[in-house]
Amino acid sequence: MTLGKSALVVGGSRGLGLELVKQLAQRGLEVFATVRSTPGDEHFPAGVKVIPNVDLAVEGASGDALEKGLGGAKVDTVIISAGYFTTDTLETLDWAEHLKMFTTCCIGPAFLASRLSKIDAIRPGGKVFFVTTEGGSITLRTADEGGGNYGHHASKAGANMIGKLLALDLAKKGVTVVNIHPGFMRTEMTKNVGFDEAWDSGGAVEPSVAATSLLDFAEKVTEKDSGKFWAPRGPGDVGQAENVLGKDLPTPLELPW
């Protein structure tokens with residue numbers, strides 16, 4: 001299996017999403033990229049079809065805007081890369097921030113995938129990739145790591161469940177669904193929550209590097225991988241991987257739920 005001839009990247013305006021758009025275009029695919037507002041498309045490669053006003057945090061996940069932007073086109077690969085992250089502790093929980101994390105990372109993607117399925121926008125034999133994080137693994141949370149970041153971990157755990165269920169439902173249409181931990185990245189998102197302090201010690205990579213690893217892995221994904229959770233870059237930046245799973249772990253690494 002390959003990535004086919006066309007791809008849709010949800011959340012393609014910056015960070016990992018933008019790098020995925022660029023590299024998919026470089027690999028010769030027709031690319032659709034969603035953005036939340038209506039910016040200029042100067043930073044997109046020539047030929048990329050930008051779909052504006054797609055916001056996963058609003059009711060219905062902007063399904064109408066997405067359907068209009070696709071204009072009846074069908075794609076072989078879908079990568080849902082949009083996300084939102086703020087930190088919290090047991091003492092600083094914020095209701096509005098939790099809602100935004102859940103709608104953007106978990107609820108919105110489910111509704112968006114539902115719309116794509118209803119309009120048969122994914123060709124049989126296609127692939128869907130949910131960009132989540134190892135932070136959504138319940139098994140990998142340990143006393144050594146500690147608690148906190150309730151909204152982040154819980155919304156990503158929910159996203160992993162959505163991906164698993166979609167794998168079961170979309171199998172009927174011949175579509176493979178895989179959840180992906182892309183790796184620890186040097187992005188504005190991680191910087192904005194103070195994680196830039198751990199970029200060096202945690203082995204954070206540029207989004208372009210993570211995008212290459214993701215796409216190289218995605219090209220090799222087959223139906224047997226559907227419904228699974230993978231770290232294409234291996235255990236290096238999965239903080240509790242060796243503590244929980246043991247040493248001498250492979251790359252790519254299948255992660256536990």
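Side chains included, hydrogens not; waters and symmetry mates left out as well; all remaining heavy atoms used.
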Between [Y] and [X], is there a side-chain heavy-atom distance shorter than 4.5 Å?
{"X": "V75", "Y": "F32", "answer": "yes"}
{"X": "L116", "Y": "L70", "answer": "yes"}
{"X": "H152", "Y": "T133", "answer": "yes"}
{"X": "F130", "Y": "V178", "answer": "no"}
{"X": "S13", "Y": "L18", "answer": "no"}
{"X": "P235", "Y": "E242", "answer": "no"}
{"X": "L3", "Y": "L29", "answer": "yes"}
{"X": "V238", "Y": "L140", "answer": "yes"}

Exercise for the section: Verify the neighbour count for atom CD of E145: are there more than 12 heavy atoms of other residues, nucleotides or ligands below 6.0 Å? Expected result: yes
Practice task
Would you indicate whether L168, at its atom CG, is surrounded by more than 12 heavy atoms from other residues, nucleotides or ligands within a distance under 6.0 Å?
Solution key: yes
With a 3.5 Å cut-off and no angle check, do the side chains of [X] and [Y] form a donor-acceptor pair?
{"X": "T86", "Y": "E97", "value": "yes"}
{"X": "S62", "Y": "R36", "value": "no"}
{"X": "H98", "Y": "D88", "value": "yes"}

How far apart are the closest heavy atoms of [X] and [Y], and which atoms are they?
{"X": "P45", "Y": "K22", "result": "CG-CA, 3.8 Å"}
{"X": "D237", "Y": "H181", "result": "OD1-NE2, 3.3 Å"}
{"X": "N160", "Y": "S137", "result": "ND2-N, 4.2 Å"}
{"X": "P232", "Y": "T251", "result": "O-CG2, 3.4 Å"}

Practice task
Go through the structure and list residues passing side-chain hydrogen bond (donor to acceptor under 3.5 Å, both in side chains) with T142, not counting sequence neighbours.
Solution key: Q240
Sort and list the pairs that fulfil side chain to side chain donor-acceptor pair (under 3.5 Å) and have at least one residue in [range], not counting sequence neighbours.
{"range": "residues 109-122", "result": "D64-R115, E67-R115, S117-K173, D120-K173"}
{"range": "residues 100-112", "result": "none"}
{"range": "residues 47-58", "result": "E30-K49, T38-N53"}

Exercise for the section: Starting from the C-alpha separation in whole Å, work towards a yes-or-no answer on side-chain contact (heavy atoms from CB on, under 4.5 Å) for T222 and T176. Expected result: CA-CA 7 Å; T222 67; T176 296; over 6 Å; no
Problem - Criterion side-chain contact (heavy atoms from CB on, under 4.5 Å) on R27 and E219, from CA distance to verdict - result: CA-CA 11 Å; R27 294 180 187 220; E219 285 187 338; 3.2 Å; yes
Exercise for the section: Salt-bridge test for D76 and K5: reply yes if a basic N is under 4.0 Å from a carboxylate O, no otherwise. Expected result: no
Problem - Given V10, L24, L8, V128, the one that forms side-chain contact (heavy atoms from CB on, under 4.5 Å) with I79 - result: L24
Handout entry: Donor-acceptor contact below 3.5 Å, side chain T34 vs main chain L66
Key = no
Atom pair [atom1]/[atom2] of [X] and [Y] - distance to nearest 0.5 Å:
{"X": "S155", "Y": "L99", "atom1": "OG", "atom2": "CG", "answer": "11.5 Å"}
{"X": "I162", "Y": "I80", "atom1": "CD1", "atom2": "CD1", "answer": "10.0 Å"}
{"X": "Q23", "Y": "T212", "atom1": "CD", "atom2": "OG1", "answer": "3.5 Å"}

Exercise for the section: Just jot down the ring pair (Phe, Tyr, Trp, His ring centres under 6.0 Å) partners of Y150, sequence neighbours excluded, or say none. Expected result: none
Completion exercise
Applying ring pair (Phe, Tyr, Trp, His ring centres under 6.0 Å) to F229 and not counting sequence neighbours gives W257
